[in-house]
Amino acid sequence: MKIYDTLQDTLVDFVPRKEGEVSLYACGPTVYSHPHLGHARQAMTYDIMRRYLEWNGLHVHHVANVTDIDDKIINRALEEGRTEGEVAAEWKAVYDEAMDALNILRPLDRPHATEYIDEMVAMIHTLVDNGSAYANDSGVYLRVRSVEGYGALVHRTPDELAEGAGARVEVDDNKEDPLDFALWKAAKPGEPTWDSPWGPGRPGWHIECAAMSLDILGDGFDLHGGGNDLVFPHHTNERAEAIAAGREFARYWLHNGMLNTGGEKMSKSLNNFQTIQSMLDENPLNARGLRLLLLQTHYRKTLELDDDSMAQAHEGVKRLDAMARKAANGGLDMTSTARVDDAIERFREAMDHDFGTPEAMAVVFETVRRANGALDGGDEADQAHALALTAIELANVFGLQVGLDEAADDDAAGDIDAMVAARTEAKANKDFGEADRIRDELAAQGITVEDTASGPVWYRTCVR
RNA sequence: GCGUCGGUGCCCGAGCGGCCCAAGGGAACGGCCUGCAAAGCCGUACAGUCGCGGGUUCAAAUCCCGCCCGGCGCUCCA
């Protein structure tokens, strides 16, 4: 398959370092506050890629770090009179809950920064020893200009970077060059610290990911992903650290586009964010709605999210559900392995071109239309069911769960069935006033009744 | 300012040299179905041609140049 590599700035053939296995490192959250929709996009993007690769029979070693020590966590702990560990643990739990609600699979490894201090110190040691880094009273810094190809990921030379930074970077007399950045920050009063050959302190942000990704996935791991706002400085600096340490870093770089709202990036600092929790509280259907929205936009593109686009996505999700419901009502056998090859082929083709989920979703919806048509036609049930099963499976590949007939599991199923039966009888007696009254009553309870070729079906209007 | 990505129908959003008189989703309209609906299917309209102006090519939404507008980045950031 082909993927777009940020470093090479072009579409390239993706060849995993080891056949049948893909190693993926995607930057995870700093746990100090509510995760918002921007985090959801990032996590969901790599979740979708992982699911697709796994569906293709590849083993995906998906790693995402958890940054549990940094300025924001320290500040929050200070404000709340708690330890950094307590703050991090609390917000990690909130993050996990949000990810679960969004049906995002847990990465296989989730290294915490504080558990990898030794590895980071060892890496810094290597950098100091080989002259790539220098220590002083305020910490240890990477000598950026000594690193071959520094800035290649952002396609800028050190001089170009320095020029752009001139107006904004604080002058720091501790650094030999304004471009240099901290690998190790010397202890400040009141901060948690770890011992190191350069005195007590804590690791810089970038060394975290460099040390953990290399330690867990090894040299030359396959994919490194993250939001495109991390290309510089974070990923650029991680890469510089690895190169300076003589390690082979990620072989391909993936960067997802931002989630915008009101024309701007959703972010904590702009204070224009919506938390995942509040989105789900608004409407549980938003979990799948958001996933569909992401699937219908290419991962590298900016996605503008507003109430209107979310409402449109809801309709798409309902369309998927309606087809599945119709098929289930027509006796669909979920254990059947019958599929429609041409759809699967086109789906693969789309995905193998840099994870072309929008086109792949178009295939899914076309298959839904074909399934609906075949289901309505009544004859050739086998073909109709194969189409329905194909559409359901392909949506599921993306983690987009298609609601099947859940009526049987409903607590109130007995009562509702009775009302539906009463309505059917009223209809048979041509007492349409009564039939409509029952339908309205059910509607008031959030239940929709539809008459199909194989009898009436009901469902809760708003599901997951 | 520098770099980078983008500007496609009423809305969202694919396509990135010929298969495009431009996918898919949403919304609209008509038909079929229905007691009426809903869902579904079929069809129609909506892009007078893909931000604007040049150019390359037998051929451009797709490549090149210039301009306008917007996003992101330029050391908190997914």
Side-chain angles (χ1 to χ4, degrees), chain A residues 6 9 26-30 35-46 70-72 151 154-156 160-170 178-182 205-206 225-234 236-237 255-260 263-270 292-293 295-298 300-306 308-323 325-326 350 353 356-366 368-377 427 430-433 435-436 439 443 448-453 457:
Chain A
T6 307
D9 193 24
C27 287
T30 298
H36 59 66
L37 270 25
H39 300 113
R41 180 178 196 187
Q42 191 273 144
M44 222 179 240
T45 296
Y46 298 100
D70 91 323
D71 290 342
K72 303 200 162 153
V154 258
H155 310 110
R156 316 221 66 195
E160 287 169 335
L161 285 166
E163 189 185 333
R168 296 180 55 161
V169 177
E170 272 178 53
L179 246 34
D180 295 349
F181 62 89
W205 177 33
H206 319 303
N228 67 194
D229 56 346
L230 294 186
V231 175
F232 186 88
H234 187 49
T236 293
N237 289 350
H255 287 99
N256 59 280
M258 294 293 101
L259 185 144
N260 279 201
E264 285 181 315
K265 176 170 78 158
M266 183 177 286
S267 72
K268 290 262 168 69
S269 47
L270 287 171
L292 179 57
L293 229 32
L295 287 165
Q296 291 188 312
T297 307
H298 190 86
R300 282 193 278 118
K301 272 206 171 179
T302 302
L303 169 67
E304 175 74 29
L305 181 72
D306 55 38
D308 196 44
S309 53
M310 185 57 99
Q312 290 181 11
H314 287 175
E315 296 311 310
V317 170
K318 288 180 189 168
R319 179 168 163 77
L320 256 20
D321 284 351
M323 183 279 294
R325 199 159 44 233
K326 182 191 294 224
H353 188 83
T357 59
E359 261 193 274
M361 271 318 295
V363 172
V364 172
F365 276 110
E366 275 170 30
V368 166
R369 179 166 20 83
R370 289 166 70 190
N372 276 326
L375 254 11
D376 282 346
K427 279 176 57 176
K430 301 232 184 291
D431 185 355
F432 298 122
D436 289 350
R439 187 167 66 196
T448 303
V449 186
E450 289 175 3
D451 294 324
T452 75
V457 285

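In what follows, chains are A, B, ... by sequence order, proteins preceding strands, each numbered from 1.
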* Is any side-chain heavy atom of A/Arg319 less than 4.5 Å from a side-chain heavy atom of A/Arg369? -> yes
* **Donor/acceptor link under 3.5 angstrom from A/Lys72 side chain onto base of B/C76** => yes
* **Among B/C77, B/A78, B/A23, the one nearest A/Ala362 by side-chain distance** => B/A23
* In whole angstrom, give me the gap between the P atoms of B/G25 and B/U57. => 40 Å
* Asked: With both distances kept under 3.5 Å, what pairs with B/G30, Watson-Crick or G-U wobble?
  -> B/C42
* Asked: Is A/Arg439 salt-bridged to A/Asp436, going by a charged N under 4.0 Å from an acidic O?
  -> yes
* **Separation of atom CG in A/Asp308 from atom P in B/G25, rounded to whole Å** => 17 Å
* Mind checking the P distance from B/C21 to B/U56? Whole angstroms is fine. -> 23 Å
* Would you please classify the geometry between the A/His206 ring and the A/His234 ring as parallel, tilted or perpendicular, with 30° and 60° separating the classes? => tilted
* Structure fact -> Its contact letters, B for base, S for sugar-phosphate only and - for none at protein heavy atoms under 4.0 Å, make nucleotides 35-43 of chain B read BBBBSSSS-
* **Base paired to B/G6 (Watson-Crick or G-U; both N/O distances under 3.5 angstrom)** => B/C69
* For A/Gly356, which contact category applies under a 4.0 Å heavy-atom criterion: base, sugar-phosphate, or nothing? -> nothing
* Judged by atom type as modelled, is there a donor-acceptor pair below 3.5 Å linking the side chain of A/Thr302 to the main-chain atoms of A/Met258? -> no
* Within the distance-only criterion (no hydrogens, no angle test), does the side chain of A/Asn256 pair as donor or acceptor with the backbone N or O of A/Gly227 below 3.5 angstrom? -> yes
* For B/U49, which nucleotide is its Watson-Crick or G-U wobble mate, given both distances must be under 3.5 Å? -> none
* To do: Using whole Å, report how far CZ of A/Phe232 lies from C1' of B/C5.
  => 18 Å
* Look at all strands and tell whether A/Ser269 reaches a base, only sugar-phosphate, or nothing, counting heavy atoms closer than 4.0 Å. => base
* Asked: Expressed in whole Å, how much space separates the C1' atoms belonging to B/A28 and B/C12?
  -> 16 Å
* To do: Tell me what A/Gly38 touches on the nucleic acid: a base, only sugar-phosphate, or nothing, going by heavy atoms under 4.0 Å.
  => base
* Asked: At under 4.0 Å between heavy atoms, what does A/Asp70 touch on the DNA or RNA strands: base, sugar-phosphate, or nothing?
  -> nothing
* **P-based separation of B/C2 from B/C52 [nearest Å]** => 25 Å
* Considering only atom C1', compute the distance from B/C50 to B/G15 and round it to an integer number of Å. => 11 Å
* Whole-Å C1' distance, B/C63 and B/C29 -> 40 Å
* To do: Rounded off to whole Å, could you give me the CG-to-P distance for the A/Asn237 and B/C77 pair?
  => 10 Å
* Answer whether the closest heavy-atom distance between the side chains of A/Trp205 and A/Asn237 falls below 4.5 Å. => no
* Asked: Looking only at atom P, what distance separates B/G48 and B/C74, rounded to whole Å?
  -> 38 Å
* To do: Would you mind reading off the distance between A/Arg156 atom CZ and B/C72 atom P, rounded to a whole angstrom?
  => 18 Å
* Asked: Taking atom types as they are modelled, is there a donor-acceptor pair under 3.5 Å from the base of B/C76 to the side chain of A/Lys268?
  -> no
* Asked: What are the two closest heavy atoms between A/Thr236 and A/Val231, and how far apart are they?
  -> OG1-O, 2.6 Å
* B/C5 P sits how many Å from A/Asn256 CG, rounded? -> 16 Å
* Asked: If we call it a pair only when both distances are under 3.5 Å in a Watson-Crick or G-U wobble match, what pairs with B/G1?
  -> B/C74
* Could you please name the option among B/G15, B/C11, B/U75 that lies closest to any side-chain atom of A/Leu179? => B/U75
* Asked: Does any donor-acceptor pair link the side chain of A/Glu366 with the base of B/G24 at a separation under 3.5 Å?
  -> no
* With C1' as the reference atom in both, quote the distance from B/G73 to B/C77 in angstrom, rounded to an integer. => 11 Å
* Pick the nucleotide of RNA chain B nearest each of A/Met258 and A/Pro233; which residue has the one closer to the 5' end? -> A/Pro233
* Asked: Hey, does A/Leu293 reach any base, or is it just sugar-phosphate, or nothing, if we go heavy atoms under 4.0 Å?
  -> nothing
* Structure fact -> Checking N1-N3 plus N6-O4 or O6-N4 for Watson-Crick, or N1-O2 and O6-N3 for wobble, each under 3.5 Å, the partner of B/G17 is none
* Grab the OH-C1' distance between A/Tyr46 and B/A78 for me, whole Å please. => 8 Å
* Asked: Is any side-chain N or O of A/Trp205 closer than 4.0 Å to OP1 or OP2 of B/C77?
  -> yes
* Between A/Glu160 and A/Val154, is any pair of side-chain heavy atoms under 4.5 Å apart? -> no
* **Minimum-distance nucleotide to A/Gln296 side chain [options: B/G24, B/A78, B/G3]** => B/G24
* To do: Check the distance between B/G71's C1' and A/Lys265's NZ and give it to me in whole angstrom.
  => 11 Å
* Indicate the atoms forming the closest heavy-atom contact of A/Lys326 with A/Asn372, along with that distance. => CE-OD1, 3.5 Å
* Is a side-chain donor or acceptor of A/Gln42 paired with a backbone partner of A/Gly226 at a separation under 3.5 angstrom? -> no
* To do: Look at all strands and tell whether A/His298 reaches a base, only sugar-phosphate, or nothing, counting heavy atoms closer than 4.0 Å.
  => sugar-phosphate
* **Between B/C77 (C1') and A/Leu259 (CG): distance, integer Å** => 14 Å
* Asked: Counting distance only, does the side-chain N/O of A/Arg300 pair as donor-acceptor with the main-chain N or O of A/Asn228 below 3.5 Å?
  -> no
* Asked: Closest to the A/Gln312 side chain: B/A78, B/G25, B/G7?
  -> B/G25
* If you check the A/Asp229 side chain, which of B/C2, B/G73, B/A14 turns out closest? -> B/G73
* Structure fact -> Judged by whether its glycosidic angle lies within 90° of 0, B/G48 is syn
